[in-house]
There are 2 protein chains.
Amino acid sequence: MAMMATRQERGERTRGRILEAAAGAFAEGGYAATSLNAIVAASGLTKGAFYHHFDSKEELALAAFRYKQEQLVARSAAAITDAHDAPAALRALLCERAAALREDPASRAVLRLGAEFRALASPDPEFVGFQELAIEMFAELLRRGQDEGTIRRGLDPRATAELLFGAIVGMDDVWHFLGGDDLERRSEELVDLLVEGLAVDAEQRNDTRKERR
Amino acid sequence: MAMMATRQERGERTRGRILEAAAGAFAEGGYAATSLNAIVAASGLTKGAFYHHFDSKEELALAAFRYKQEQLVARSAAAITDAHDAPAALRALLCERAAALREDPASRAVLRLGAEFRALASPDPEFVGFQELAIEMFAELLRRGQDEGTIRRGLDPRATAELLFGAIVGMDDVWHFLGGDDLERRSEELVDLLVEGLAVDAEQRNDTRKERR
DNA sequence: TGACAAATACCGACCAGTCGGTATCGTATG
DNA sequence: CATACGATACCGACTGGTCGGTATTTGTCA
């Protein structure tokens, strides 16, 4: 013990604990059904500590959303850096997002909170921005692929990006509920399906990242 | 109006009004964030009337879920009766579900409630059954298509059905939030993409229901 | 360095308000 | 008249949020 370093560090650590507990609690249960007391209890702290770091439950939720969203985006960005064409990058991105949601239950907070905040009174512009960011990652890849000639033209990249984004959300949602075995393999199978449907050439559909033909 | 016919009819009408109001309220806001008072106010009735017809908020939500789900399934079933092969039926089914969600905001209650109930303490078997039913409609079509030879083999029908189900949910979710123009056309475009990716032959991908070639 | 004061991190009892749910009552219909 | 239906008044539990207080650092000046 006793390694409680500087006061600022300690504060940030506490803030982080709250954020992590909140993300976990929101992920299962959603915003409205999760009480502050539950979050505070899960974090091992108190309401006083909470209101020292955050102004309101809503601000906490936004912060937790942003917190997990940033993790997801960072992981996703890392996953696509070494893909040499758009289909490969798309595949990596889809797999990565699915894996992240599978492995870190708290990640689902961004889904739950995202869905719930849209119905909220405050259309926080920053929140919308984050949502946009995730979708635009897909759209950007699709546009790049269309330029490269590796992704079918004639599809609106933006609309298709929304489909992909939604498909991951939906898949995760269904799987989280239904469970089932070997989600990783099944996930890859379906990512294949999506990517192959998008890739430009049917003849090479069995392997978008190889040079067969 | 004085056309208040028999007492039983009147009761059923009241029950229906509550159900409809509840579905609408749950659709925007979700279960936990929607108060009984709000539902009762929206229906133009009172708490007394509500508790005369339902035992609890949870029972109401289940009933509303079931109510809208039955409507969706009925519409969907009607939409696929005159499709002559599996890809066409899939296309019709996807379009129909997307259209239903687009046109009747209260339909989204089945999505919202579905997502929220999974996290609930009570894993109501009947609810699970309804969820299964919707997914199995897709799975059944896929299996049929694989038998016909019109749908690619090698894909687990069940897993793929979950993807399609999830994709619709996700699309609806994103669109309902982001809005945008001409959702109907964009929706069809993306349905094309999904169905073509599933259909057996790449050469005829531009029109799965025609005999080009 | 030591002591004292200001600032910070945190605590937990508490508040007003809202929730789901109940008990009771009026009323119209059969 | 009896009773199904719906309205009203109300309850205790619990919610998000507040507040006065305490423990621990940090800054400062001898």
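Naming convention: chains lettered A, B, ... in sequence-line order (proteins, then strands); numbering from 1 in each chain.
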*Between Glu20(A) and Arg15(A), is there a salt bridge with N-O shorter than 4.0 Å?*
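Looking at Arg15(A) and Glu20(A), the cut-off is not met.
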*asked:* Please confirm whether the shortest side-chain N or O distance from Asn37(A) to OP1 or OP2 of dT15(D) is below 4.0 Å.
replied: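 Checking Asn37(A) against dT15(D): at least one side-chain N or O falls below 4.0 Å of OP1 or OP2.
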*With respect to the phosphate group of dG6(D), does any side-chain polar atom (N or O) of Thr14(B) fall under 4.0 Å of OP1 or OP2?*
yes
*Not counting sequence neighbours, which residues clear side chain to side chain contact (heavy atoms under 4.5 Å, CB included) with Glu140(B)? List them please.*
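Side chain to side chain contact (heavy atoms under 4.5 Å, CB included) list for Glu140(B), sorted by chain: Arg143(B).
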Non-neighbouring partners of [X] that pass salt bridge (Lys or Arg N to Asp or Glu O under 4.0 Å), sequence neighbours left out:
X	result
Arg108(A)	Asp172(A), Asp173(A)
Glu70(A)	Arg66(A)
Glu148(B)	Arg144(B)
Glu132(B)	Arg158(B)

*Sugar-phosphate only, base, or nothing, as touched by Ser43(B) at under 4.0 Å among non-hydrogen atoms*: nothing
Rounding to an integer number of Å, can you tell me how far [X] [atom1] sits from [N] [atom2]?
X	N	atom1	atom2	result
Leu60(B)	dG21(C)	CG	C1'	14 Å
His53(B)	dA7(D)	NE2	C1'	13 Å
His52(B)	dC25(C)	NE2	C1'	15 Å
Tyr51(A)	dT18(D)	OH	P	6 Å

*Counting heavy atoms from C-beta on, name the nucleotide in dT15(D), dA9(C), dG17(D) closest to the side chain of Lys57(A).*
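Within the option list, the nearest is dG17(D).
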Could you list all N or O pairs between the protein and nucleotides 11-15 of chain C that sit under 3.5 Å apart?
{"from": "dC11(C)", "atom 1": "OP2", "to": "Thr46(A)", "atom 2": "N", "distance (Å)": "3.3"}
{"from": "dC11(C)", "atom 1": "OP2", "to": "Thr46(A)", "atom 2": "OG1", "distance (Å)": "2.9"}
{"from": "dC11(C)", "atom 1": "O5'", "to": "Thr46(A)", "atom 2": "OG1", "distance (Å)": "3.3"}
{"from": "dG12(C)", "atom 1": "O6", "to": "Gly48(A)", "atom 2": "N", "distance (Å)": "3.2"}

